[in-house]
2 protein chains.
Amino acid sequence: MDMLDRDGLTESEFLQRYSPGDYERPSVAADMVIFTVTDADADSYRKLPEKELRVLLIRRGGHPFLGQWALPGGFVRPDETTEQAAARELQEETGVDDVYLEQLYTFSDVGRDPRTWVMSCSYMALADSSQLQLQAGDDADDAAWFKVSYRLLRERKELIDGGFIKALQYELRLSSGEVELAAVVERTVTAKPASTATSYSIISNDGLAFDHAKIIAYAVERLRGKVNYTDIAFNLMPKLFTLTELQQVYEVILDKELLKAAFRRKVADLVAETDHYTENAGHRPSRLFRRNMEDYR
Amino acid sequence: MDMLDRDGLTESEFLQRYSPGDYERPSVAADMVIFTVTDADADSYRKLPEKELRVLLIRRGGHPFLGQWALPGGFVRPDETTEQAAARELQEETGVDDVYLEQLYTFSDVGRDPRTWVMSCSYMALADSSQLQLQAGDDADDAAWFKVSYRLLRERKELIDGGFIKALQYELRLSSGEVELAAVVERTVTAKPASTATSYSIISNDGLAFDHAKIIAYAVERLRGKVNYTDIAFNLMPKLFTLTELQQVYEVILDKELLKAAFRRKVADLVAETDHYTENAGHRPSRLFRRNMEDYR
DNA sequence: TGAATAGTGTCTTTTAGACAGTATGAC
DNA sequence: GTCATACTGTCTAAAAGACACTATTCA
């Protein structure tokens with residue numbers, strides 16, 4: 001390119017002389033909602049264990065939010081993308097690097113970090129629990145996998161002039177052993193004649209650092225939204241699994257029971273059967289399946 | 001909170017003494033893909049005009065990418081969210097402030113801005129064209145509304161060890177009067193046994209600044225994805241519209257013809273009929289509808 | 001009257017929901 | 001045989017696709 005600008009400079013001349021101004025810049029953190037699905041303790045050896053959706057949190061060892069629980073994350077460096085920063089943190093926290101990673105949303109509320117101007121570019125990671133070391137307190141950090149519950153608590157709709165406001169409050173409950181965290185997050189849809197806007201806010205929060213309740217709520221909603229029309233759930237499954245296990249994963253994500261026959265029809269093209277079966281259960285063995293890579297939509 | 005950290009400080013003491021380190025921070029820009037739908041010139045007064053999906057671009061008056069076309073946007077300031085920055089830029093560029101705004105994705109590729117470290121937090125805005133001044137060259141800037149075409153160009157699938165790579169190339173064409181811009185963007189899905197990853201890359205680019213071809217492609221895909229299961233399209237409609245116009249908007253977004261009867265069934269609950277009709281068309285008048293705000297799902 | 005669009009009726013196909021039935025291995 | 005789960009068959013209901021038909025205005 002040889003175009004000259006107002007000062008008669010070429011692009012390379014311009015770039016050589018360019019110096020960034022000294023206006024303020026934010027720090028950008030990559031924070032991660034790492035989901036996995038684990039087995040609950042079975043009541044009896046004959047019953048199948050229930051599945052639980054879990055998320056990794058880290059107990060803060062310093063101010064601010066000392067003693068509270070936060071999502072794993074860290075600051076993005078100049079030589080990497082936000083995604084690479086997320087993958088790097090994930091590797092450091094969990095020791096795995098080959099997991100599903102999806103950018104969620106960039107949170108930038110003023111004052112969301114009391115120290116300084118920090119934006120959070122958040123990611124959702126999905127990992128098969130059999131590849132993870134699930135023990136808490138692995139690092140010097142106090143890390144733990146929390147069971148996730150996210151349920152509609154209250155619903156309010158109000159008609160306004162030519163539109164409406166709809167507010168949905170969801171209760172987020174996180175539990176790990178003795179530790180119980182809870183928060184209420186509200187999603188508000190404001191529909192006006194010309195435009196519709198959606199906003200999230202934290203109504204109450206007990207034990208979660210920063211605005212991380214909002215980020216986790218956003219992640220659960222994204223996961224629920226995608227589970228039905230994508231094959232995202234397979235990122236939570238081991239290589240071989242039974243169709244009942246796959247259904248349990250869908251159910252624990254959606255917090256809703258599904259009908260077996262309909263579920264099997266729905267996933268029929270997504271899975272491929274193998275010649276392996278489960279063994280030594282107190283009941284009929286189940287065929288093991290793997291993800292079907294051949295005819296992907 | 002009166003918890004003390006390792007140094008024996010309370011949270012407020014900690015914050016008072018806190019000083020941000022001098023490590024490098026990125027600039028964060030809010031860039032916007034502003035969509036609207038306009039009428040093409042009708043062949044005959046008796047025929048209905050076709051609809052066109054349009055996006056606002058600004059011709060760069062300085063380096064880098066001098067003379068090329070870029071999305072409107074600007075840097076986020078410390079006292080505002082990325083969304084507020086986007087809304088502010090939108091107001092400055094188009095004079096409207098009551099439009100639909102949705103965060104898309106944060107692009108952070110290293111070197112995406114040749115000057116310095118800049119991330120782009122991108123937004124999609126949807127506006128009713130009757131509220132906009134559609135003339136180009138409104139500001140001192142050279143601004144124009146480009147007709148958007150986004151079509152699948154090539155599809156490639158390759159089976160790899162235990163997984164596959166699927167690459168979809170889309171051609172993005174933007175035209176405004178004599179100006180024609182074109183780019184090819186590839187979406188690559190890499191499915192491995194443990195995880196699936198999706199990435200976007202620019203294959204070719206003629207006339208678009210920065211990585212904005214990728215951002216526009218991402219916006220079109222988001223819009224197409226949401227049009228079928230949300231009421232997002234109403235943000236592109238005037239207060240009163242015919243069902244044929246609504247269908248045309250769906251069709252121009254999806255780049256696909258829809259069946260009239262099925263379409264009307266689908267949107268039946270989303271619209272409310274009025275007692276007004278179109279007038280002076282060269283054919284039977286059409287009932288005007290408005291968006292139904294009463295029974296929102 | 002005819003060109004062009006508005007709007008409806010109905011048949012078929014597909015998909016989802018519901019539920020009952022049979023099958024099988026460990027004890 | 002019994003328990004618990006595996007797996008299948010089939011009826012019904014709802015949604016989507018396809019297409020033809022009638023209705024209405026204006027030049």
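Lettering of chains follows the sequences in order, A, B, ..., and the numbering in each one begins at 1.
In this structure, B:Tyr277 atom OH and D:dT24 atom C1' are separated by 11 Å, rounded to whole Å. Counting to the nearest Å, the C1' atom of D:dC7 and the CD atom of A:Glu273 are 12 Å from each other. As a whole-Å value, the separation of B:Asn228 CG from D:dA15 C1' is 13 Å. Rounding to whole angstrom units, CG of residue A:Leu48 and C1' of D:dA6 are separated by 10 Å. Atom NZ in A:Lys266 sits roughly 15 Å away from atom P in D:dA15 (whole-Å rounding). Rounded to whole angstrom, the span from the CZ atom of B:Arg265 across to the P atom of D:dA18 amounts to 11 Å. Between A:Lys47 atom NZ and D:dC3 atom P the separation is 12 Å, expressed in whole Å. Look at CZ on A:Phe241: it is 14 Å from P on D:dA6, rounded to the nearest Å.
Summarising the geometry of A:His283 relative to A:Leu48, their closest heavy-atom pair is NE2-CD2, 4.1 Å, with the distance given to 0.1 Å. The shortest heavy-atom contact between A:Ala191 and A:Ile160 is O-CD1, 4.3 Å.
Shown for residues 252-261 of chain B: residues whose heavy atoms fall under 4.0 angstrom of DNA chain C, namely B:Lys260, B:Ala261.
Across all strands, B:Phe263 comes closer than 4.0 Å to no nucleic acid atom at all (heavy-atom distances).
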List, with names and distances, any nitrogen or oxygen atoms from the protein found under 3.5 Å away from nitrogen or oxygen atoms belonging to nucleotides 21-23 of chain D.
from, atom 1, to, atom 2, distance (Å)
D:dA23, N3, B:Arg284, NH1, 2.7

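Look at B:Glu251 and B:Lys51 and you find no salt bridge, because none of the NZ, NE, NH1 or NH2 atoms lies under 4.0 Å from a carboxylate O. A salt bridge is absent between A:Glu171 and A:Arg151: the closest approach of a Lys/Arg side-chain nitrogen to an acidic carboxylate oxygen does not fall below 4.0 angstrom. The pair A:Lys157-A:Glu155 fails the salt-bridge criterion, with no side-chain N (NZ, NE, NH1 or NH2) lying under 4.0 Å from an Asp/Glu carboxylate O.
In terms of position on DNA chain C, the residue among B:Thr244 and B:Arg46 whose nearest nucleotide sits closer to the 5' end is B:Arg46. When each of A:Leu243 and B:Pro285 is assigned the nucleotide of DNA chain D with its nearest heavy atom, A:Leu243 is the one assigned upstream, toward the 5' end.
Considering only side-chain atoms of A:Arg287, the nucleotide from D:dC7, D:dA6, D:dA16 that sits closest is D:dC7.
A side-chain donor-acceptor contact under 3.5 Å links A:Glu102 and A:Tyr100. The closest side-chain donor-acceptor pair between A:Thr38 and A:Arg54 falls under 3.5 angstrom. Counted by atom type alone, A:Arg291 and B:Thr196 present one or more donor-acceptor pairs between their side chains at under 3.5 Å. Using modelled atom types, one finds no donor on one side chain facing an acceptor on the other under 3.5 Å when comparing A:Ser195 with B:Asn235. Inspection of the A:Glu221 and A:Tyr150 side chains reveals an N or O donor paired with an N or O acceptor under 3.5 Å.
Contact footprint of chain B on DNA chain C: nucleotides with an atom under 4.0 Å from a non-hydrogen protein atom, first to last in 5' to 3' order, C:dG2 to C:dG9.
Across A:Leu243, A:Asp275, A:Thr242, a single residue satisfies side chain to side chain contact (heavy atoms under 4.5 Å, CB included) together with A:Arg287, and that is A:Asp275.
Aromatic ring centres of A:Tyr200 and A:Tyr218: separated by under 6.0 Å.
Within the 4.0 Å cut-off from OP1 or OP2 of D:dA6, at least one side-chain nitrogen or oxygen of A:Ser286 is found.
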